[in-house]
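Working notes, structure below.
Order of the sequence lines sets the chain letters (A, B, ...), proteins ahead of strands, with each chain counted from 1.
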Amino acid sequence: MSETLTARDYKSDVHPVWCPGCGDFGILNALTKALAARQQPPERVALISGIGCSSRLPAYMTPYGFHGVHGRVLPMATGLAVARPDLTVIAMGGDGDGFSIGGNHFMHACRRNVNMVYLVMDNAVYGMTKGQASPTTQTDWTGSKLTPTGTHMPAFRPLEIALASGCAFVAREFSGNPNGLAQRIVEALDYPGFTFIQVLSPCITYRPEQMGYKKIVHEDFEPTSIRTEAMARLLDDDGMTTGLLFRAPPAPWQGDPAPEAHRAPERALVVGGGA
Amino acid sequence: MSETLTARDYKSDVHPVWCPGCGDFGILNALTKALAARQQPPERVALISGIGCSSRLPAYMTPYGFHGVHGRVLPMATGLAVARPDLTVIAMGGDGDGFSIGGNHFMHACRRNVNMVYLVMDNAVYGMTKGQASPTTQTDWTGSKLTPTGTHMPAFRPLEIALASGCAFVAREFSGNPNGLAQRIVEALDYPGFTFIQVLSPCITYRPEQMGYKKIVHEDFEPTSIRTEAMARLLDDDGMTTGLLFRAPPAPWQGDPAPEAHRAPERALVVGGGA
Amino acid sequence: MTTHAAAQPPPHSGCSPAGTLSIAISGSGGAGVMTVGELLLDAAARAGLYGRMGRTFGPQIRGGEAAALLRLSSTPIEGVGDAYDLLVALDWGNIDRFADEIPLSPDSQVLFDDKAGEVPPVVVASGANCRGLPLSETARAVRGGRPNLVVLGLLAGALDLPAALVREAVRARFGERSVETALAVLELGLATEPPLSRPLSPSRAAGVRWNVSGNQAAGLGALRGGIRFVAAYPITPATDLLEWLAEELPAADGDLVQAEDELAAVNMCIGASFGGVPSLTATSGPGLALMLEAIGLSVASETPIVVVDVMRGGPSTGIPTKSEQTDLDIAVNGLHGEAPHLVLAPLGVADCLFTTQWSVELAEALQAPAIVLSDQSLAQSRLIVDEPPTRSSPATRRCAESPGADYRRYAITDDGVSPMAIPGTPGGMYVADGLTHDVRGRPSSRSADHRAQLDKRRDKLTGFDFGAAWGEVDGDGAAAVITWGSSTAAVREAVDRLRAAGCAVRCIALRLISPLPIDALRGALAGVERAVVVEHNHSGQLHRLLRANADWPCPLTAWHRPGPLPLRPGELVAALSEALDARPNREETPA
Amino acid sequence: MTTHAAAQPPPHSGCSPAGTLSIAISGSGGAGVMTVGELLLDAAARAGLYGRMGRTFGPQIRGGEAAALLRLSSTPIEGVGDAYDLLVALDWGNIDRFADEIPLSPDSQVLFDDKAGEVPPVVVASGANCRGLPLSETARAVRGGRPNLVVLGLLAGALDLPAALVREAVRARFGERSVETALAVLELGLATEPPLSRPLSPSRAAGVRWNVSGNQAAGLGALRGGIRFVAAYPITPATDLLEWLAEELPAADGDLVQAEDELAAVNMCIGASFGGVPSLTATSGPGLALMLEAIGLSVASETPIVVVDVMRGGPSTGIPTKSEQTDLDIAVNGLHGEAPHLVLAPLGVADCLFTTQWSVELAEALQAPAIVLSDQSLAQSRLIVDEPPTRSSPATRRCAESPGADYRRYAITDDGVSPMAIPGTPGGMYVADGLTHDVRGRPSSRSADHRAQLDKRRDKLTGFDFGAAWGEVDGDGAAAVITWGSSTAAVREAVDRLRAAGCAVRCIALRLISPLPIDALRGALAGVERAVVVEHNHSGQLHRLLRANADWPCPLTAWHRPGPLPLRPGELVAALSEALDARPNREETPA
Ligand SMILES: Cc1ncc(C[n+]2csc(CCOP(=O)(O)OP(=O)(O)O)c2C)c(N)n1
Ligand SMILES: Cc1ncc(C[n+]2csc(CCOP(=O)(O)OP(=O)(O)O)c2C)c(N)n1
Ligand code: SF4
Ligand code: SF4
Ligand SMILES: [Mg+2]
Ligand SMILES: [Mg+2]
């Protein structure tokens, strides 16, 4: 494909299972725009996801994709990105997928700093299983039959955890602003290493009150490259601030280097005989 | 047992498998002292652990204990503490157990705030499996054949993660100071909710350089109840500071309250007939 | 009203055996097909009928096409029928998608809203008799009225249900704000001449009836069995069992914790049970896979837990919303090392109560994990049943009441069950361990300790007297069908038909899968010359399990078919006639 | 030197068959027993002998009692012997703990440091001939000298190994700083009159010999098979396989990532393999349990991976340092849903190379996960073997080279294998999925799609031509032994003895466990009237698997015994004589 690629070239003809009005449509749009902006040939892109409404996204685009198991999107993307550093690897999934069952991989992927973009499509609910509380759900949300009097726990703070885990590129965006999100994804694609974008993405079915997000998000993060500053900035954050929060000088993952000299492993086993 | 209990009453006659000089002996001593200080009858105490050298501890004491599977000490202790709030539940294990395979449970146990003490016996190595890097291992440690040129990752920051996850009682101690540790454990036992103590505990076999810890630990944490202050304090910490870092006003886990009125669940199923 | 001439001869008596009627109601999201289905089931129950209702949905998370799948009957029924006597289409939506699931025949009637457009080819091709009705036009007469309640009125008329009971059902369901509108539309439907007449005569049985799903029944069984701690991670189709327990546990002074994942859930249960509190978690295949390591710990440490696996189409993420009996292998053989444990399967929707309750009792009595193999077709179908009897056999764990200095937690006893000291009990302190241990629980790698504990854990299960509840056997003759779990309904209906046709067929439904009740099953097979093992999966998992573990008095052939479509009695009549004929020693599966 | 008179008659020719000798060297941590064991094995190999060495430790993490367990031979050997001809005790430490593992008989000789104190009762009771030697006293003559090298010299003398070769072995091992001391002490040992004489005549075979452990051999097989990505989470006894690969992969331009847990490790492998890079992880039972969900994804998405399970005593944490063939059930049947895949087991230490390499090739060719069932006894024993032949059959994955607009990733092909497009390939873009899917990989819950993909994934395995490598068969006659994996060594030795005693016994060792090579095994059993299935576990897992899946030409009886003690040829001779005698149709296990 030598002509210019447009956002449409990244959209497949599979009809999304999403509810009309779901915030995830905005993320789908932003992602196609970002790839078009980068003119990434679809065959050089791999979209890796877990399980959840949000994780259905890869099927709606034309690049390679893997819809894996619940919570393991980051290990899968890590294996791919380490083995195939020539590809553009974009990992994505829900807040349940990424912060509940997948929370451990999130911390360790931040530390490992393997080159990929990770988008968490955060609706503060388990959409796919019909509306249970997720880690980012507010303590007093009583909308789930599984936790009818609330979660009894403070909400999970993804950006703080990312920073504390050593993540080098930390941002928050809103699916209702697909152009802003697309721009951020482009920056993330350009950054060598693990980049994390929490995307606020309303679930209109199980959290209809999130339709009010568009009135309360505010684009106030000032990017810094000093971890302590970024952390301090978060300590009184309302969770609705968007923008790039933190961007460290790149230091992406490098595995063990190939040795200068190396003898065939068989030789080390030889003992007696023959010689 | 109406007489006064001494530390010795908490020690079993099982001979530890630990290497002579292992830091975990200091933790064993501190724990027996703390329980004696609290005069906790051994039968009302449950020691829950994962798998690793450190996790062998329950067998060396007289209370009830459960030596579970690798990485799942906190869920097990959570189930017990929720179901049996009358017991004193003490969870423990290694840095691999708690921060690598068990890292997700660590974050969510901090959030859940179920009443228990959690001691991570941190030697920055996998002792039991003969010396691989753990999450708290320094980036440039080349002592493991599995990562012969270093871990290629920044070390995990347990106290920051605990704070970011909403842990209400966060401390660091040194196994070489069993009295100080015992005192901190007593405070943790007295605190209603989830309490976390990272205990620096040298592995003399695989990290002999840790014998130098005693020269570099310094008791400099000033307890605060303001999360942002505690977090700020950590941002330039050297990892060797000990003491109580953070203690929030208690707000321990409470599950769903019993309803005022409730009819037998069978009644909701009845339809037609009979009546 | 218009009538589409079908390519096939006109309908006569319908597709169902006398006394039952299968009705599908389909439409797009928001059309209210589930509401009318549930109301019809409720009204029918009030009128003294039995019945069941399942649901099916397209892939949309919400708002896609959907259908309520009902079967009503004069006598108790459990499973689905062969084809639908009646399909009511509120619109044509993506009806194609349901073609497999709503089989129609030239004997079927199809009613549709005459504003819905052309009858789709797939429906025309079935040969069913199709008739357009002015459903939405009728509803429009009431402000805010919706056609689904017109349908309810029409169907009530067709079934000859007392109008007062239908009104009762509507009143019980709608809130104050909407009930008047609903009733007004209902009246319009009731007043319309029914497009067909298929009255079912009500049962004269006097007892209380329940409208219950398998997940509710399992929840109730768990509660009655003594479960007081539940750890939950949502997964289709187990979530509503967990949600039901979340609502009911607090009143019973129990706790439910939503866990961060299945690894946490199962380990929380072990912790609570170690504390003496009977504990349960529920999941489906992918979650069960994650729980196996800890279930092995439950075996080795002899800490009872109950895990309900509500099976769905597999492997991997599979088909989350459809049923398949596909996890028997993993449930029985999925633990590493040699870890004997309990596996049970409910034989029907209501039996989810008995089987779950019994599983709790067995787990507690035997200090072992029990896996309950429910499935989507049991869990999420609603059934009208006579109220099941209550049983007063509370879970009993053999506890060490006043253990002394020589207390040995894992003592070798005659029946393999060792008294368990519950934390809080003075003198009983021990450390439970997944490491191979001696009788005191101390780590040991001595061959004699290892062997003794392996033997003990096996023998306590195989030596236990499970009594008569291991399975249900009926009929006699030289031919037998062996089945398990949700397949039982279709098998029983097929066997009834075979019997009606003069074939003597024995029917054996296994509730206890592990330890396999070898002697009991051998007894049940006495005199049988050929038997076929029927199950709803691709590889014949029970068939392999039976072959693996014992020699049987007769050859066992296998018949099985995977999901997502339910097993239907008609296909089983055909399959069984073939499999049970006189050819000896067939061993290939005809599926 | 003192001689303890044994209660039994004095030793004569030792316990081992002619041409082999079993030697145990025991002592406390730091005594250097492993060093002397390894040096002896090395020197023996240089001298043209074959042999093996295992290790055993007490429970201490470090510094507890330990023993090196050697067997040396004039001809190739694989397994352990029945009893030890010779035990050398550097001190008595906790020798009791090893009583089971180091069987002694009145034919055995025990040499011990005469400073070590009284011979412990357990040794006296064996009836072995015990002799104290001035080991530490001798060593003291050299500054910094240690008795273990005295022992090496004595043993070299007893075996009549050329002193030059022993010196070579010592030189190859010690660093500059300590080699002179070591050699000086060695000379003292060499100069001492050997306390016994048991020369073994060296083999005259000319080829190159290897000193290799099963974990090293498996690592080499993985590399040769084409593995270029490894994800690792440490677990005994798999860790050193991972460590070996960590050292060797970079030179082959491969990557190893230490994962945070096993869930991450296996999913990393799937990701890398999706990218076209053959991938492997290694673990033991508890880790395998955690990997099952993702292995199911590997099946459903048809993304090949290799998982080496180095089995240890089970269930749960079990006995991490001891061997048992205890994970066959979970490896074959542990996935949820119906998820056909490959399971293979190496038949010996060196065969870990062939079997792992072949497993990589099969996984790649069949686009399915392969589980390799190694175990501690293979993985951590060192064996002297003739260099295995290299094989030039690199892993080949059927890739879509220039996929077009109609590319169907999961096309139904004749052999069930569909060309896979590797990311980077224009036109081949698809989404791999664990949801039930159609031929393009798009989610589907249609019955026809589900069935087609279930059939395809089964048939690609069962229809594949595995050739002759499915197992190894030798001998003939009407009696057969069937075995698998590490049990093969002891079975073969027992069968040899039975043959020497005049019994014709066929020996069948299965390398391919799943899909079960039914036809090949039936062929191998042609003419057999009775067969016994021998394995190193508690419940007869292969026996059940064989019964479950096919009818066989003859009845299969079962003989099995759990770990931690290794199977020994002598006990098998007894068991097989009994099991293979003429009584027909025995079905209970005598174990
Ligand atoms: C191992 C496992 N556990 C549970 C599930 C059920 N499940 C599917 S999606 C999901 C959570 C969805 O929430 P989230 O990740 O926030 O995605 P969303 O649907 O909100 O986009 C769960 C629990 C599963 N598929 N696999
Ligand atoms: C599921 C599982 N994976 C891996 C192991 C192997 N294993 C045992 S202990 C351990 C780590 C020990 O490190 P740590 O938790 O730091 O404890 P330490 O020994 O250092 O006290 C590992 C990986 C296991 N037992 N189970
Ligand atoms: S349920 Fe919520 S998250 Fe899922 S598709 Fe619908 S709106 Fe989106
Ligand atoms: S290996 Fe390290 S952590 Fe383990 S017992 Fe020895 S010193 Fe302690
Ligand atoms: Mg979500
Ligand atoms: Mg450690």
For chain C, the option from [options] that forms the most heavy-atom pairs under 4.5 Å:
{"options": "Pro315(D), Gly314(D), Ala294(D)", "answer": "Pro315(D)"}
{"options": "Ala300(D), Ser445(D), Pro340(D)", "answer": "Ser445(D)"}
{"options": "Ala339(D), Ala289(D), Gly318(D)", "answer": "Gly318(D)"}
{"options": "Gly287(D), Gly334(D), Gly540(D)", "answer": "Gly334(D)"}

Chain C contact via [X] - side chain, backbone, both or neither, heavy atoms under 4.5 Å:
{"X": "His538(D)", "result": "both"}
{"X": "Asp309(D)", "result": "neither"}
{"X": "Asn537(D)", "result": "both"}
{"X": "Leu263(D)", "result": "side chain"}
{"X": "Leu288(D)", "result": "neither"}
{"X": "Pro320(D)", "result": "side chain"}
{"X": "Pro59(D)", "result": "neither"}

Original post:
Any idea which of Ile295(C), Asp455(C), Asp100(C), Leu545(C) has the most non-hydrogen atom pairs under 4.5 angstrom with chain D?
Top reply: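 Going by pairs under 4.5 Å, I would pick Asp455(C).
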
What's the spacing between [X] [atom1] and [Y] [atom2] if we round to 0.5 Å?
{"X": "Arg561(D)", "Y": "Ser447(C)", "atom1": "CZ", "atom2": "OG", "value": "6.5 Å"}
{"X": "Leu435(D)", "Y": "Thr317(C)", "atom1": "CG", "atom2": "OG1", "value": "5.0 Å"}
{"X": "Leu297(D)", "Y": "Ser316(C)", "atom1": "CG", "atom2": "OG", "value": "4.5 Å"}
{"X": "Met291(D)", "Y": "Leu290(C)", "atom1": "CE", "atom2": "CG", "value": "12.5 Å"}

**OP:** Under the side chain to side chain donor-acceptor pair (under 3.5 Å) rule, collect the residues that match up with Thr303(C), sequence neighbours excluded.
**Re:**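 For Thr303(C), the residues satisfying side chain to side chain donor-acceptor pair (under 3.5 Å) (neighbours in sequence not counted) are Ser301(C).
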
Are side-chain heavy atoms of [X] and [Y] found at a separation under 4.5 Å?
{"X": "Ser539(D)", "Y": "Leu454(C)", "answer": "no"}
{"X": "Leu335(C)", "Y": "Ile330(D)", "answer": "no"}
{"X": "Arg451(C)", "Y": "Pro562(D)", "answer": "yes"}
{"X": "Pro286(C)", "Y": "His336(D)", "answer": "yes"}

With a 4.5 angstrom heavy-atom cut-off, which part of [X] approaches chain D: side chain, backbone, both or neither?
{"X": "Arg457(C)", "value": "side chain"}
{"X": "Glu338(C)", "value": "both"}
{"X": "Asp433(C)", "value": "neither"}

Original post:
Residues in ring pair (Phe, Tyr, Trp, His ring centres under 6.0 Å) with His437(D), at least two apart?
Top reply: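 If we apply the ring pair (Phe, Tyr, Trp, His ring centres under 6.0 Å) test to His437(D), skipping adjacent residues, the hits are Tyr410(D).
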
Between [X] and [Y] (side chain of the first, backbone of the second, donor and acceptor by atom type, cut-off under 3.5 Å), is there such a pair?
{"X": "Arg544(D)", "Y": "Asn549(C)", "result": "no"}
{"X": "Asp327(D)", "Y": "Gly337(C)", "result": "yes"}
{"X": "Arg547(D)", "Y": "Ala550(C)", "result": "yes"}

**OP:** Start with the C-alpha distance between His450(D) and Glu324(C), add both sets of side-chain angles, then the distance that settles side chain to side chain contact (heavy atoms under 4.5 Å, CB included), and finish with yes or no.
**Re:** CA-CA 11 Å; His450(D) 186 43; Glu324(C) 200 171 62; 2.8 Å; yes

